[in-house]
Amino acid sequence: MDHRREIDGLRALAVIPVILFHAGFEAFSGGFVGVDIFFVISGYLITTIILAELERGSFSIVNFYERRARRIMPALFLVMVVCIPFAWFWLLPSDLRDFSRSLAVVSLFASNILFWSESGYFDSATELKPLLHTWSLAVEEQYYVLFPLFLMLCWRLGKRWILIALVFVFVVSLAGAQWGAYAKPAAAFYLLPTRIWELLIGAFAAFYLSQANRKDVGRGVSELAGWLGVSLIFYAIFAYSKITPFPGFYALVPTLGALLIIVFASQQTTVGRIMGNKAFVGIGLISYSAYLWHQPIFAFTRHKSVSEPSALLFLGLSLLTIGLAYLSWRFVEAPFRRKGAFSRRYIFGLVLLGTGFFLLVGLVGYKQNGFEDYYFKNRVGSADKEIISYTKYGESAEFKRGYRYGTCFYGSELNSFEYFDRSECLAISTKKKNYLVLGDSHSAHLADAFRNNFPQHNFLQASASGCKPVLPLAGEKRCTDLVNFIYGSFLPSNKIDGIILSARWATNDIESLKGTVDHLSKYVSIVYVMGPTVEYRPSLPLLILKLKSKVGDSEAIRRYTDQERFALSDQMGLALKSKNALYVPIVQEFCSSVSCRILTKDGVPMVWDYGHFTLEGADFLVKSLLKKEMLKLP
């Protein structure tokens with residue numbers, strides 16, 4: 001096929017926002033749509049090549065996979081190899097275990113399935129996963145297992161019937177993506193069925209442009225369409241954010257923008273000439289390598305840093321990404337794509353050898369639990385070992401018991417009200433006063449401490465991750481189903497003595513919370529509102545390890561707390577003062593203006609991540625509130 005410089009420019013327009021988004025530059029809050037643009041480009045280019053070869057009768061599935069192997073595998077294997085020593089020296093055993101598993105799965109192009117399965121509410125932050133970005137490669141390769149076979153087998157039916165079938169798949173996939181963006185956001189984001197429509201947009205462009213008798217739309221229409229395409233892409237990059245439901249109808253904006261550029265931009269149009277200039281083309285040529293390098297560089301830097309690296313450092317790392325991308329393009333990508341340099345047998349042998357190597361290394365690392373025994377024996381003492389164990393507290397039996405996970409508290413991986421056990425969690429006692437603990441995970445982390453410190457009362461619990469217990473209802477379905485049941489069905493038909501509301505509050509919750517308290521006053525005599533918790537960046541156990549803070553009070557760690565949580569606590573106290581509610585502040589029980597209480601007297605971290613209490617931390621809080629008579633349950 002003829003080389004189109006504007007397509008290289010479009011690649012640059014895709015990869016730069018992705019890099020800057022992952023670097024944390026707020027202006028590029030929707031930079032993640034660069035991946036969607038890549039999907040459209042890939043769908044167009046691959047379909048164009050396949051159609052041309054099918055027309056000539058020269059299509060070979062072996063040749064197709066050889067081209068994909070030359071294009072994808074050498075640079076990918078290089079980046080994966082380079083990641084291994086950094087992972088060995090810089091990651092904790094739990095993170096090294098997760099990295100090892102991803103190393104094995106990436107080599108099989110199934111990392112999108114892995115990262116979807118790991119996308120629970122308490123999972124490690126995505127920005128700390130060195131190979132997270134390979135999910136998009138997995139989606140593409142899964143697509144290219146199926147798509148060329150479909151075209152080859154159905155070619156005799158004619159383009160018309162092929163297009164009808166593809167349009168049907170497109171509509172079903174887009175509809176699934178729109179539903180999943182709200183009901184199953186992690187699955188919709190990572191999995192092929194809800195992404196295939198984006199690749200098909202590119203395929204439709206290839207079918208359209210392959211028509212020998214298509215009509216010339218004219219220079220004016222092409223100019224207008226090209227600029228509209230650019231505008232749509234820029235709108236998505238700068239207007240979208242992490243809270244944008246994706247990849248449903250919102251994803252149509254950048255993908256249709258890419259489609260318009262592919263179809264209408266050329267070297268005869270202004271947009272085509274701009275995107276075909278040397279700078280854009282140069283970045284476009286190295287865009288694949290740049291995409292491969294940026295995430296590991298950013299992730300390992302974040303692991304090594306105590307706090308989030310500065311914008312200036314990330315700018316430098318972005319430039320480093322471009323430099324490494326040029327080198328890997330020049331000395332790895334380009335040579336391997338030349339058939340004269342490496343034979344087909346060599347390429348397939350390299351793929352098999354590399355896949356076997358990464359499978360072996362990954363599986364051994366995962367089975368050895370991130371080489372935990374070696375790490376604790378040779379790198380850290382017993383005190384650090386105890387702290388490190390709390391980095392994976394969310395997987396422990398203690399966590400599941402205390403939070404009542406899977407019965408009275410369900411998370412994003414248990415993404416349905418069906419997991420809530422009404423008979424167990426809302427069992428009313430006829431001999432004790434009944435109090436309902438309601439909210440998100442910040443209600444679940446307190447429930448056990450209430451049960452232990454108020455044995456004379458019966459505590460009901462209704463908790464769902466990310467679920468603010470306020471009116472009007474908002475959030476994902478797992479949340480609205482729970483709150484709607486409690487407020488619309490349970491409270492009107494059952495008499496209880498009080499409600500304890502607890503959540504990861506934000507400033508914009510205050511007005512809704514005031515109205516919710518008024519509403520609940522119709523059903524209970526008192527509403528308790530637990531204030532926001534202290535939040536740490538990074539997690540408290542990691543701060544303790546990196547800052548070597550083993551004492552109970554730490555001035556050093558105080559600097560890594562979120563200051564907005566203290567201001568929010570004061571705002572909530574004032575807002576609820578005149579309401580029929582008892583506001584219970586939390587932050588001052590742990591932090592003064594100069595230091596924070598980070599460990600219990602037994603050396604257990606008060607919280608195990610950014611702000612969720614360990615059972616011991618929650619018990620310390622409730623006992624402290626009782627001692628100061630700040631928490632009274634009549």
Side-chain angles (χ1 to χ4, degrees), residues 10 13-14 17-18 21 27-44 47 112 115-116 119 126 135-136 138-140 142-143 147 163-208 224-265 412 415-416 466 472-481:
L10 186 58
L13 193 57
V18 169
F21 168 75
F28 294 83
S29 58
F32 55 86
V33 303
V35 173
D36 306 86
I37 298 170
F38 274 128
F39 284 156
V40 176
I41 295 172
S42 295
Y44 163 69
T47 306
N112 62 324
F115 294 127
W116 161 61
S119 60
T126 56
W135 73 267
S136 64
V139 168
E140 286 194 18
Q142 290 161 17
Y143 175 77
F147 185 68
L163 280 170
I164 290 173
L166 293 180
V167 167
F168 174 77
V169 174
F170 173 86
V171 171
V172 172
S173 176
L174 177 57
Q178 173 63 14
W179 172 81
Y182 293 90
K184 303 282 185 181
F189 187 87
Y190 285 112
L191 301 184
L192 175 63
T194 47
R195 289 289 189 169
I196 196 170
W197 67 271
E198 299 180 66
L199 290 137
L200 287 177
I201 285 181
F204 293 146
F207 272 96
Y208 172 75
L224 181 63
W227 282 113
L228 177 58
V230 171
S231 300
L232 290 173
I233 290 173
F234 274 101
Y235 174 79
I237 290 171
F238 296 113
Y240 288 5
S241 69
K242 292 180 179 179
I243 65 172
T244 303
F246 221 75
F249 293 158
Y250 282 97
L252 281 168
V253 174
T255 52
L256 290 180
L259 173 68
L260 290 172
I261 292 173
I262 290 171
V263 172
F264 294 102
S412 53
N415 193 26
S416 173
L473 299 181
E476 296 183 17
K477 191 173 185 297
R478 69 168 179 270
C479 172
T480 55
D481 283 351

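Just so you know, residue 1 is the first one in the sequence shown, and it goes up from there.
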Validation row: [X], [Y] side chains within 4.5 angstrom (heavy atoms):
X	Y	result
Leu252	Phe249	yes
Phe207	Leu166	yes
Thr244	Ser241	yes
Ile262	Leu259	no
Arg195	Asp36	yes
Phe204	Leu163	yes
Ile237	Phe21	no
Ile201	Phe170	yes

Measuring from atom [atom1] of [X] to atom [atom2] of [Y], what distance do you get when rounded to the nearest 0.5 angstrom?
X	Y	atom1	atom2	answer
Trp227	Ile261	CH2	CD1	9.5 Å
Thr47	Leu199	OG1	CG	8.5 Å
Glu198	Ile37	CD	CD1	10.0 Å
Leu13	Ile233	CG	CD1	5.0 Å

Among Tyr182, Trp135, Phe246, the one residue meeting ring-ring contact (aromatic ring centres under 6.0 Å, His included) with Phe189
Trp135
Return the minimal non-hydrogen interatomic distance between [X] and [Y], and the atom names on each side.
X	Y	value
Leu192	Asn112	N-ND2, 4.1 Å
Ala205	Val263	CB-CG2, 3.9 Å
Gly226	Phe264	N-CB, 4.4 Å
Gly466	Cys479	O-SG, 4.4 Å
Leu260	Ala225	CB-O, 3.5 Å
Ala181	Ala188	N-CB, 3.8 Å

Is there a donor-acceptor pair under 3.5 Å between the side chain of Tyr240 and the backbone N or O of Tyr250?
yes
Is the side chain of Ser173 donor-acceptor paired with the backbone N or O of Val169 at a distance under 3.5 Å, no angle test?
no
Verify the ring-centre separation between Tyr143 and Phe39: is it less than 6.0 angstrom?
no
Please name all residues satisfying side-chain contact (heavy atoms from CB on, under 4.5 Å) with Ala177, sequence neighbours left out, ordered by chain then number.
Thr194, Trp197, Pro247
